[in-house]
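What follows is a single structure, written as structure tokens, with notes after it.
Treat the numbers as computed from the prediction; the structure is a model and nothing was measured. First the proteins, then the strands, lettered A, B, ... as listed; each starts at 1.
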2 protein chains.
Amino acid sequence: MTTRRNTKQLEAIRSVIEEAGRPLSIEEIHATASGDVPSLGLRTVYRTIRRLQEDGVVANVSVPGAADRYEPAHIASKHHHHFHCLVCDRFFDVDGCPGGLSTMLPEGFKLESHELTLSGRCAACA
Amino acid sequence: MTTRRNTKQLEAIRSVIEEAGRPLSIEEIHATASGDVPSLGLRTVYRTIRRLQEDGVVANVSVPGAADRYEPAHIASKHHHHFHCLVCDRFFDVDGCPGGLSTMLPEGFKLESHELTLSGRCAACA
DNA sequence: GCATAAATGACAATATATTGCCAATGCCTA
DNA sequence: TAGGCATTGGCAATATATTGTCATTTATGC
């Protein structure tokens, strides 16, 4: 059986995602976690993110016109949406959701999920 | 001054986008327009799409988790959203729009635009 | 502490999408 | 109709993101 070891790299990456309060890109994770572990390689970030996804700890967020972001699974499991700041290029979580979306669909279409991305300027950039 | 020539490749690509009734990927455009112009090269599709965008004839659509799609500019200028069929991987236009989105934003955030992608099964795949 | 195997990180390699290049083609004007 | 030049399309080259490899490091059970 395979054992999962608790390295400082894993912990740095996990805590960066956990404490960000917003979905992060691979590069953001790498840059931020490098503060804790300066030697951190990008290769390790990719590998660790995948493991955290497999372990159900982290979930990926697909957004339009940008690379995937990653957020804690317990955040992802609570239905929410995202805001994309066009100035600083960061993504933020947004609570709430417009309902009644299935009425927008043509006859015969079956709605399974939806993704809403708001864009503009975040508070810091406005 | 540069003159714009009216080739059968340009016309095939333009009409495919115009008549599709839904946003198409580069590959879809290439595959469909090849019906009119069998020799059509992918290189020409990329070049022609860019020209059509520069000429304001075609607009691109960014969607989450998939390559950009292209639709007629006169369609894009009418606010609408998209449906992604998870079975056949096609995108469709959807009329209507949930309003009041700015109330979802935290204090200080400025909303400029939004993009909604519904996912599920299209009528043909349901 | 020690042995062992998981994890790391540097680098090369790959995958994929898009573009540069250029000889050949063919649209358009005079 | 002929010539000029925009356009085409094949292929190489590039850009970018991600993964394979592997020697080295290091966490963990005994």
- Message: With a 3.5 Å distance limit and no angle check, can you tell me whether B:His30 reaches the backbone of B:Leu40 through a side-chain donor-acceptor pair?
- Response: yes
- Item | Donor/acceptor link under 3.5 angstrom from A:Arg4 side chain onto base of C:dA6 | no
- Item | Side-chain heavy atoms of B:Ile29 within contact of B:Thr48, under 4.5 Å | no
- Item | Length of the line joining B:Glu27:CD and C:dT16:P, which is rounded to integer Å | 12 Å
- Task: Rounded to the nearest angstrom, tell me the gap between atom CG in A:Asp68 and atom P in D:dT16.
- Result: 18 Å
- Task: Test B:Glu28 against B:Arg69 for salt bridge (Lys or Arg N to Asp or Glu O under 4.0 Å), laying out the working first.
- Result: CA-CA 9 Å; B:Glu28 286 175 322; B:Arg69 312 281 152 151; 3.6 Å; yes
- Query: Is B:Glu115 close to A:Ser119 at the side-chain level, that is, under 4.5 Å between some pair of heavy atoms?
  - Reply: no
- Please examine the side chains of B:Arg22 and B:Glu71, heavy atoms only from C-beta on, and report whether any two atoms are closer than 4.5 Å. no
- Note: contacts of residues 47-66 of chain B with DNA chain C (heavy atom, under 4.0 Å) are B:Arg47, B:Arg50
- The correct set of residues in residues 7-19 of chain B placing a heavy atom under 4.0 Å from DNA chain D is B:Thr7, B:Gln9, B:Leu10
- Are the charged groups of A:Lys8 and A:Glu11 less than 4.0 angstrom apart, N to O? no
- Can the ring centroids of B:His82 and A:His114 be said to lie less than 6.0 angstrom from one another? no
- Contacting residues from residues 29-45 of chain A, given that a heavy atom lies under 4.0 angstrom of DNA chain D: A:Arg43
- Item | Short side-chain donor-acceptor distance under 3.5 Å, B:His84 and B:Asp89 | yes
- Item | Short side-chain N/O contact from B:Tyr46 to OP1 or OP2 of C:dT18, under 4.0 Å | yes
- Query: With a 4.5 Å heavy-atom cut-off, do B:Ile49 and B:Ile17 have their side chains touching?
  - Reply: yes
- Message: Contact between A:Phe91 and A:Val61 at the side-chain level, heavy atoms closer than 4.5 Å - yes or no?
- Response: no
- Query: Nearest-Å distance, CZ (B:Arg69) to P (C:dA17)?
  - Reply: 11 Å
- Is A:Val45 linked to A:Val37 within one hydrophobic cluster, defined over Ile, Leu, Val, Met, Phe, Trp and Tyr using a side-chain heavy-atom separation of less than 4.5 Å? yes
